[in-house]
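Structure first, then comments.
Reminder, nothing fancy here: chain letters follow the sequence lines and each chain counts from 1.
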Amino acid sequence: MKDHIEELLIQALLHLQRDGVLPKGQEIAPQVERSRSAEHGEFASNLAMVLAREAGRSPRELAQEIINRLPNSRQVERTEIAGPGFINFFMNRCALYGVIKDVLRDGKRYGHAIARRRQRVTVEFVSANPTGPLHVGHGRGAAYGASLAAILEAAGHIVQREYYVNDNGRQMDILATSVWLRYLELCGEQLRFPHNGYHGEYIYDIARLARSEVGDKWRFPGQNVLDDLAPDGPGGQAEVHIDALIERARTLLGDSGYRTFFDAALDTILKDIHDDLSEFGVEFDLWFSELELERSGAIQHAIDRLQQNGHLYVKDGATWFRASALGDEKDRVLTRENGRTTYFASDVAYFLNKLERGFEHAIYVFGADHHGYIARLQAAARGLGEDPESLEILLVQFAVLFREGEKVQMSTRSGHFITLRELREEVSSDAARYFYVMRSHDQHLDFDLDLAKSRSNENPVYYIQYAHARISSVFRNLDQMDLTHNIPIGEAALDLLGEAHELELMRAISRYPEVIESAARLRAPHILAHYLDLLATEFHAYYNAHQFLVDDENLRNARLNLILAAQRVLADGLGLLGIAAPEEM
RNA sequence: GCGCCCGUAGCUCAACUGGAUAGAGCAUCGGCCUUCUAAGCCGACGGUUGCAGGUUCGAGUCCUGCCGGGCGCGCCA
């Protein structure tokens with residue numbers, strides 16, 4: 001419907017340009033929005049106010065000129081000029097009835113669009129280091145990223161979901177070494193476990209797995225392992241110690257032995273993350289390995305590009321990227337003195353790789369603590385000679401869990417954090433998916449565990465799902481009462497739907513395409529979450545006020561058409577958020 | 001210290017990137033089940049949008065300065 005109003009306005013403006021009221025050759029982008037209150041009609045446009053100056057007319061005068069040139073439309077009941085120069089559009093009921101028909105005809109495509117500017121876009125999210133299970137902090141990024149990707153797709157874009165696997169860093173070496181040490185313990189060696197190693201129970205599981213495959217092949221006496229090593233201790237000492245341990249592991253195990261533990265750790269944890277996310281309704285099209293980035297020469301390729309563009313210099317034996325000249329606060333090292341490339345070099349290469357794979361837009365979903373990345377990645381984009389606009393970083397603020405009104409304390413250091421899996425088991429994946437995205441991504445989130453698992457009307461997830469289930473229930477009752485639902489009869493009788501509740505519900509349904517469009521444009525799944533809550537409210541109110549299964553065949557079928565349309569939209573919206581739409585509850 | 005994000009009803013949050021009278025849920029108070037699922041509905045109460053200026057037809061939204069909260073500032077990953 002909104003599209004229709006915009007089209008009418010464009011026609012009127014073209015007419016005005018021909019008549020010389022407005023300067024020619026200007027881009028026309030009519031601004032139409034939903035009115036807040038019914039007295040202002042369905043839609044309002046501020047076009048006359050925006051263009052008044054260049055037309056040399058008062059806003060209200062120009063508004064009249066625009067209205068005079070609006071093409072006739074069967075959907076528009078009337079227009080009016082209001083306030084300082086708004087043009088209000090009052091829609092015909094036929095327009096609303098048309099929406100019901102659209103939904104029933106289009107099925108799953110209703111509300112989904114072919115974007116005006118269709119983009120090929122990659123959405124990278126989660127990308128947690130594969131050094132342990134996902135925790136609740138990753139959950140929000142997962143829920144947000146997955147919902148956003150689905151919404152972008154619904155809005156007509158071509159979307160690829162990517163997980164960047166950090167399988168190349170020092171943390172991975174610490175992980176592999178930790179596994180080996182636990183393995184030695186299982187073999188019966190007595191060792192002091194390093195302060196900065198990975199202490200989680202799951203390390204034993206991986207070590208056990210490795211041992212079941214290789215037996216005692218990589219067992220060494222504990223003394224040989226720790227002999228002459230820099231001592232462990234708090235602070236910097238621990239860092240030196242763990243690095244020395246890694247070196248020792250490499251020396252004693254050799255390439256093949258080291259890989260045994262490295263791969264066991266990586267494979268096990270990555271599979272766990274994959275399964276965890278899958279159970280959370282989050283799937284990726286591509287798991288992109290950082291290690292592969294190095295092997296394929298992509299990192300060198302990116303560095304070469306920066307070199308060609310004259311953005312590199314050498315200082316203290318390291319290769320630096322002159323990021324400070326491109327908007328970053330300082331220059332960044334790409335190749336360290338020891339010859340190894342930095343994590344940042346991989347980031348640059350990965351970005352370039354995304355563009356070279358044919359994506360014109362790269363979205364990154366990061367935790368709020370990564371905001372320092374924005375400037376440096378944009379500098380990299382500029383340095384590569386690419387449009388910095390092609391890169392978009394979305395920061396997701398932290399979620400704080402509350403149980404019985406108390407903040408749930410968590411710290412990664414103590415290894416005392418709640419995993420995503422635990423959260424899902426406690427409150428269900430559906431509730432978690434909804435709660436994670438019900439707030440704007442740039443807003444801190446208070447996650448109320450008790451509310452999320454409560455089976456009550458206060459819980460928005462159940463409230464929305466209940467609306468869907470209730471509609472299914474109505475159709476089940478229809479069968480039991482030996483009545484039938486005939487869609488064509490209902491369509492012929494739609495004009496019987498004139499109750500206030502019915503009109504409100506139809507208006508809500510008619511907004512769905514706009515909701516998807518703005519949720520996609522603003523990268524804001526919470527807009528969809530709120531909308532579904534509102535749609536459920538309209539349905540429940542209608543349900544309580546009127547009977548659907550009435551004797552009058554025409555009225556009954558018309559009402560069933562309406563609630564079926566509502567159900568389709570509920571199901572589709574829940575689907576985009578990764579939440580089930582149950583038939584019964 | 002510098003930089004980024006946030007501040008809206010008692011609480012948790014919306015407000016479609018500048019529009020008309022700032023909206024929901026919870027909490028509090030009062031109603032509705034012999035009728036398609038009460039996991040539901042209806043009503044009441046609740047605001048100087050942190051503070052002070054500025055920009056304009058018009059500001060919760062934009063600009064400046066304060067106040068308060070979160071996060072970040074490694075040849076770490």
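The closest donor-acceptor contact from the side chain of A/His311 to the backbone of A/Arg322 lies at 3.5 Å or more, if one exists at all. In this structure, A/Tyr434 contributes its side chain and A/Ala529 its backbone to a donor-acceptor pair below 3.5 Å. A donor-acceptor pair under 3.5 Å links the side-chain atoms of A/Asp552 to the main chain of A/Leu555, judged by distance alone. Distance alone, capped at 3.5 Å, is enough to place a donor-acceptor pair between the A/Asp448 side chain and the A/Asp450 backbone.
Checking B/rG60 for Watson-Crick or G-U wobble geometry (two distances, each under 3.5 Å) identifies no partner in any strand. Using N1 to N3 plus N6-O4 or O6-N4 for Watson-Crick, or N1-O2 and O6-N3 for G-U wobble, each under 3.5 Å, B/rU34 pairs with nothing. Look at B/rG65: its Watson-Crick or wobble partner, with both distances under 3.5 angstrom, is B/rC51. Pair check for B/rC73 finds B/rG1; Watson-Crick or G-U wobble, both atom distances under 3.5 Å. Pairing for B/rA44 is with B/rU28, a Watson-Crick or G-U wobble pair whose two hydrogen-bonding atom distances lie under 3.5 Å. With a 3.5 Å ceiling on both atom-pair distances, B/rA15 lacks any Watson-Crick or G-U wobble partner.
Between the C1' atom of B/rC76 and the CD1 atom of A/Ile246 lies a distance of 12 Å, rounded to the nearest Å. Rounded to an integer number of Å, the gap from A/Asp551 CG to B/rC36 P is 15 Å. Separating the CD atom of A/Glu239 from the P atom of B/rG74 is a distance of 15 Å, rounded to the nearest angstrom. Counting to the nearest Å, the C1' atom of B/rC76 and the CG atom of A/Asn166 are 11 Å from each other. We find that CE of A/Met438 is positioned 13 Å from P of B/rU12, with the value rounded to whole Å. Atom CZ in A/Phe398 sits roughly 14 Å away from atom C1' in B/rG69 (whole-Å rounding). Following rounding to the nearest Å, A/Asp442 (CG) and B/rC13 (C1') show an atom-to-atom distance of 12 Å. Whole-Å rounding puts the A/Phe402 CZ to B/rU12 P distance at 8 Å.
Residue A/Lys2 is classed as having no contact, given no heavy-atom separation below 4.0 Å to the nucleic acid. In this structure, A/Ile174 reaches neither bases nor backbone, as no heavy-atom distance under 4.0 Å exists between it and the strands shown. Among the protein residues, A/His441 comes within range of no part of the nucleic acid, since none of its heavy atoms lies under 4.0 Å from any strand. Residue contacts shown for A/Ser518 are limited to sugar-phosphate atoms, with no base heavy atom under 4.0 Å away. When heavy atoms are screened at a 4.0 angstrom cut-off, A/Ala368 is found touching the sugar-phosphate backbone but no base atom. Contact annotation for A/Glu584: base contact, defined as any heavy-atom pair under 4.0 Å involving a base atom. Residue-level contact check: A/Arg521 touches the backbone only, with heavy atoms under 4.0 Å from sugar-phosphate atoms and none from bases. As judged by a 4.0 angstrom heavy-atom cut-off over every strand, A/Asn46 is placed among the base-contacting residues. Note on A/Glu337: a base of the nucleic acid sits closer than 4.0 angstrom, heavy atoms only.
For B/rA9 and B/rA15, the P atoms lie 15 Å apart once the distance is rounded to whole Å. For the C1' atoms, the distance from B/rG7 to B/rA14 is 15 Å, rounded to whole Å. Annotation: B/rG1 and B/rA44 have their P atoms spaced 50 Å apart (nearest Å). For the P atoms, the distance from B/rG18 to B/rC6 is 14 Å, rounded to whole Å. On the P atoms, B/rC63 is 10 Å away from B/rC5, given to the nearest whole Å.
Taking only side-chain atoms of A/Ala541, from C-beta outward, the nucleotide of B/rC36, B/rC75, B/rC41 with the closest atom is B/rC41. Considering only the side chain of A/Leu549, B/rC36 comes nearest among B/rC36, B/rA15, B/rC75. Distances from the side chain of A/Met585 to the nucleotides B/rC6, B/rC16, B/rA39 place B/rA39 closest. Comparing B/rA38, B/rC73, B/rC71 against the side chain of A/Arg470 picks out B/rA38 as the nearest. Candidate nucleotides B/rG19, B/rC75, B/rC73 were compared by shortest atom distance to the side chain of A/Met49, and B/rG19 ranks first. Nearest nucleotide to the A/His526 side chain, out of B/rC16, B/rA14, B/rC36: B/rA14. The side chain of A/His444 lies closest to B/rG70 when the candidates are B/rG70, B/rG19, B/rA15.
Both A/Ala469 and A/Asp316 lie close to RNA chain B; mapped to their nearest nucleotides by heavy-atom distance, the more 5′-ward contact belongs to A/Ala469. Where A/Ala318 and A/Glu583 each meet RNA chain B at their nearest nucleotide, the meeting point lying more 5' is that of A/Glu583.
Taking the six-membered ring where the residue is Trp, A/Tyr436 and A/Phe447 present perpendicular rings, their angle passing 60° and hence far from 30°.
Proximity of A/Arg336 to the phosphate of B/rG74: no side-chain N or O atom is located under 4.0 Å from OP1 or OP2. One finds a side-chain N or O of A/Tyr463 lying less than 4.0 angstrom from the OP1 or OP2 phosphate oxygen of B/rC41. Phosphate proximity of B/rG74 to A/Lys330: present, with a side-chain N or O under 4.0 Å from OP1 or OP2. The side chain of A/Gln443 contributes no N or O atom lying less than 4.0 Å from OP1 or OP2 of B/rU12.
Atom CD1 in A/Ile242 sits 13.5 Å away from atom CD in A/Gln237 (nearest 0.5 Å). Rounding to the nearest 0.5 angstrom, the gap separating the CD atom in A/Glu584 from the OG atom in A/Ser472 is 8.5 Å.
Between A/Lys407 and A/Asp446, no side-chain nitrogen of the basic residue sits less than 4.0 Å from a carboxylate oxygen of the acidic one, so the salt-bridge criterion is not met. A/Arg511 and A/Glu514 are not joined by a salt bridge, as no carboxylate oxygen comes within less than 4.0 angstrom of a charged side-chain nitrogen.
No donor-acceptor contact under 3.5 Å links the side chain of A/Asp369 to the base of B/rG72. Judged by distance alone, with hydrogens and angles left aside, A/His371 brings a side-chain donor or acceptor within reach of the base of B/rG3, the pair sitting under 3.5 Å.
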Side-chain donor-acceptor distances from residues 396-405 of chain A under 3.5 Å, at least two apart:
from, atom 1, to, atom 2, distance (Å)
A/Gln397, OE1, A/His444, NE2, 3.4
A/Arg403, NH2, A/Glu426, OE1, 2.7
A/Arg403, NH2, A/Glu426, OE2, 3.1

- [ ] Would you sort out whether A/Tyr531 and A/Tyr512 count as a ring pair (Phe, Tyr, Trp, His ring centres under 6.0 Å), showing the intermediate values?
- [x] CA-CA 8 Å; A/Tyr531 166 79; A/Tyr512 188 55; 5.7 Å; yes

Task: Sugar-phosphate or base contact per nucleotide [nucleotides 20-35 of chain B; S, B, -; heavy atom under 4.0 Å] - done: BB----SS-------B

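A/Glu294 and A/Asn168 share a side-chain donor-acceptor pair at under 3.5 Å.
The glycosidic torsion of B/rC66 lies more than 90° away from 0, which places this base in the anti conformation.
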